[in-house]
Amino acid sequence: MMSQTRQALFESDLAFLILDVRQGVTVADEKLAEYLKGEGIKNYPNLKNVVLLGNKAEHSFLGDISNEVYQLGFGDPILISAEHNEGLVDLYDKLRECIPESYIVEAREKYEKRLEKHESLRTQKWKELKSLEKEAGEDWNLKEWERVYDELNHPENSDYDSDSEVDLQKTLVNPEDFELSPESAKKSRTIQMSIVGRPNVGKSSLINSILESDRVITDSKAGTTRDSVSINYVYNGRKIKLVDTAGLYKRSKGVLNEMIEDEVHRAIKYSHVVVFMFDASEGICPSELDLARKVINEGRVLIAVGNKWDKVTKDLRPKFVDYYSDMFFRKISLKGLHIVLTSASTKYNIRNLLNEMLKLYDAWNSRVSTGLLNRWLDSFKKVQNLPSEHGSLLKIKYITQIKARPPTFYVFVNDKSLMKENYYKNFSNSLAEEFKMNGVPIRIIFRDKHLKAKKIHSPGFNVKKVSKLRTSGIGMMKKESKKNKPM
Ligand SMILES: Nc1nc2c(ncn2[C@@H]2O[C@H](COP(=O)(O)OP(=O)(O)OP(=O)(O)O)[C@@H](O)[C@H]2O)c(=O)[nH]1
Ligand SMILES: [Mg+2]
């Protein structure tokens, strides 16, 4: 635990030293304070501030122990009650003081740049669509398109950080360019990668194996990791934040399990890439797959990792590979889902996993130009017979990418109730195949003139009811995906 504390201090700009004011200053507090004042500060180059907090101080003041507290040498403590949310305003004020002005200025500049990029991308697309609408000689409800565009693209988040996007037009012409140059990779956004799965499958061991150090605690007892732990790591010049999460017991109830569940779901939501880990030597139970589906519904990159591969004997391996491929193919409707078999103990396939992750992450970030997309659409329509119902034929007029992360496409059609499940599958699979997005949860929004309401299609939802949806507009997604919010 001490070595983890040291590691955390090493990565920190600011530390809180927290006392229990009800208990008073203990010998351990004194030792820690001594350490932080002396050797500590020297050892941790980033650590610029240590702020003293007096916790459990609801409605109280320091009273008798004030002398001992000042002796610690960190000045006035900020009195808080973590349990009752008291004293937090003072804490925030202090935090604000500790953030250098340059950071605030930089953040503001970045935001303004994003806003500019948002505006220019939107204007460019709008113009493009307007001229195509003219060419086609019909009205496409571009106001509606614009509304959805603004809803899905938030300039507040860093989607617009230019270097994190991949220009697919270039990469298709020259596939070697698919790797970002080391320079732009350095500037690009940190990739958030969480590892989720049942207890004891080896999530923490995977982190240690990647880092080649015992950074997080692992144990043969299930339930070792209780809180998510995040660790910064650089691989091939790319910044990655690895998030180890607590194992989810699918069937058990109770407050702790609910808290873990919330935390894991939050980790998925804030991740770009999620490693869904299972124990390849034991198999997967269907309920575990709910978690994998959740990742896809949230629009995050999913990589299925079967760990403890070293425990599967060589003669059984081909059978296991078939079994898992079949299981994922049937239960998770994501074409090209990547299943990687690893051993955190022997480090088998760990590099492959990271390489695969980077490729998928780049594909998830990519934007395809409207021109390329419609060229693909023309050839797709030539080979696939368009579905029809009661003499009406589906017409797919135009496609444009409205958002990256995950790649989201907006498709103008004459009447989307004519879309059939099989046709939709072929459509999205061919789109993903063409633009190297296999294994990435792409989303497709079909729009016709009938509807005002919002509808987002993503892999993993049920398209069977499609023909009943003519007036309701939405409904192709599972209930839970209505909650989905774009990042
Ligand atoms: N044979 C083998 N054992 C492994 C492998 N990975 C992890 N283990 C062992 O499995 C046990 C659990 O590993 P952890 O990394 O703590 O598992 P976890 O998923 O983080 O577990 P929780 O924190 O409880 O959710 C430990 O005894 C590890 O040594 C592997 O690839 N092969
Ligand atoms: Mg763990």
Side-chain angles (χ1 to χ4, degrees), residues 1 3-5 7-8 192-233 240-268 270-271 273-285 287-292 294-295 302-317 320-321 323-324 338-357:
M1 281 165 87
S3 93
Q4 287 200 21
T5 305
Q7 184 65 36
Q192 314 268 342
M193 171 174 154
S194 308
I195 298 151
V196 304
R198 258 191 326 122
N200 221 31
V201 292
K203 300 178 294 298
S204 304
S205 303
L206 175 71
I207 302 248
N208 286 343
S209 177
I210 291 173
L211 299 173
E212 298 186 13
S213 92
D214 289 339
R215 177 71 176 80
V216 285
I217 301 169
T218 64
D219 197 88
S220 55
K221 261 199 318 277
T224 303
T225 309
R226 288 291 178 95
D227 285 315
S228 302
V229 180
S230 57
I231 298 156
N232 291 318
Y233 175 64
I240 303 170
K241 183 179 263 179
L242 301 165
V243 182
D244 185 15
T245 65
L248 263 187
Y249 293 91
K250 211 42 222 175
R251 288 185 201 290
S252 73
K253 289 269 163 259
V255 178
L256 181 63
N257 203 48
E258 271 170 30
M259 281 167 78
I260 290 177
E261 207 168 308
D262 282 353
E263 203 169 306
V264 171
H265 289 174
R266 206 170 316 124
I268 293 175
Y270 288 103
S271 294
V273 180
V274 180
V275 167
F276 161 74
M277 183 176 267
F278 59 96
D279 182 337
S281 68
E282 281 192 347
I284 322 175
C285 60
S287 66
E288 270 182 275
L289 290 172
D290 291 347
L291 203 56
K294 169 106 192 155
V295 176
L302 168 73
I303 309 180
V305 170
N307 191 38
K308 306 199 184 179
W309 194 233
D310 56 295
K311 282 171 81 180
V312 181
T313 54
K314 283 210 170 88
D315 53 323
L316 284 177
R317 286 181 186 177
F320 274 50
V321 168
Y323 168 74
Y324 290 127
H338 290 246
I339 307 174
V340 185
L341 299 158
T342 60
S343 166
S345 306
T346 67
K347 298 195 168 55
Y348 171 72
N349 248 353
I350 304 296
R351 301 287 122 184
N352 273 348
L353 165 63
L354 292 174
N355 294 338
E356 211 51 63
M357 182 281 281

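When a ligand or atom number is given, it counts from 1 through the structure's own listing order. Just so it is clear, the model here is predicted, and its values are computed rather than measured.
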Could an N or O of ligand 1 be found under 3.5 Å from any N or O of [X], whether backbone or side chain?
X      : result
Ser345 : yes
Lys308 : yes
Lys203 : yes
Pro199 : no

Q.
If the cut-off is 2.8 Å, does any N/O/S atom of Thr225 fall short of it from the Mg ion (ligand 2)?
A. yes
Q: Return yes when at least one N/O/S atom of Ser204 is nearer than 2.8 Å to the Mg ion (ligand 2), and no when none is.
A: yes
Q: Using a strict 4.0 Å cut-off to heavy atoms of Lys311, name the atoms of ligand 1 that fall inside it.
A: 1 (N)
Q: Mark up the atoms of ligand 1 that fall under 4.0 Å of a heavy atom belonging to Ala222, in ascending order.
A: 24 (O)
Of the protein's non-hydrogen atoms, which lies at the shortest distance from [atom], and what is that distance?
atom                    : answer
atom 1 (N) of ligand 1  : Asp310 OD2, 3.0 Å
atom 6 (N) of ligand 1  : Asn307 ND2, 3.1 Å
atom 24 (O) of ligand 1 : Gly223 N, 2.6 Å
atom 22 (P) of ligand 1 : Asn200 N, 3.6 Å

Q: Apply the test salt bridge (Lys or Arg N to Asp or Glu O under 4.0 Å) to residues Arg198 and Glu282: give CA-CA distance (whole Å), side-chain angles for both, the deciding distance (0.1 Å), then the verdict.
A: CA-CA 12 Å; Arg198 258 191 326 122; Glu282 281 192 347; 3.2 Å; yes
Q) Any side-chain donor paired with an acceptor under 3.5 Å for Thr224 and Asp219? A) no
Kindly identify the option in [options] whose heavy atom sits closest to [atom].
atom                    : options                        : result
atom 28 (C) of ligand 1 : Ala246, Ser205, Ser281         : Ser205
atom 17 (O) of ligand 1 : Gly306, Ser204, Gly202, Gly247 : Gly202
atom 16 (O) of ligand 1 : Asn208, Asp244, Asp219, Ile217 : Asp219

Q.
Tell me whether Tyr324 contacts the main-chain N or O of Ala280 through its side chain, where contact means a donor paired with an acceptor under 3.5 Å.
A. yes
Q) Is it the side chain, the backbone, both or neither of Ala344 that has a heavy atom closer than 4.0 Å to ligand 1? A) both
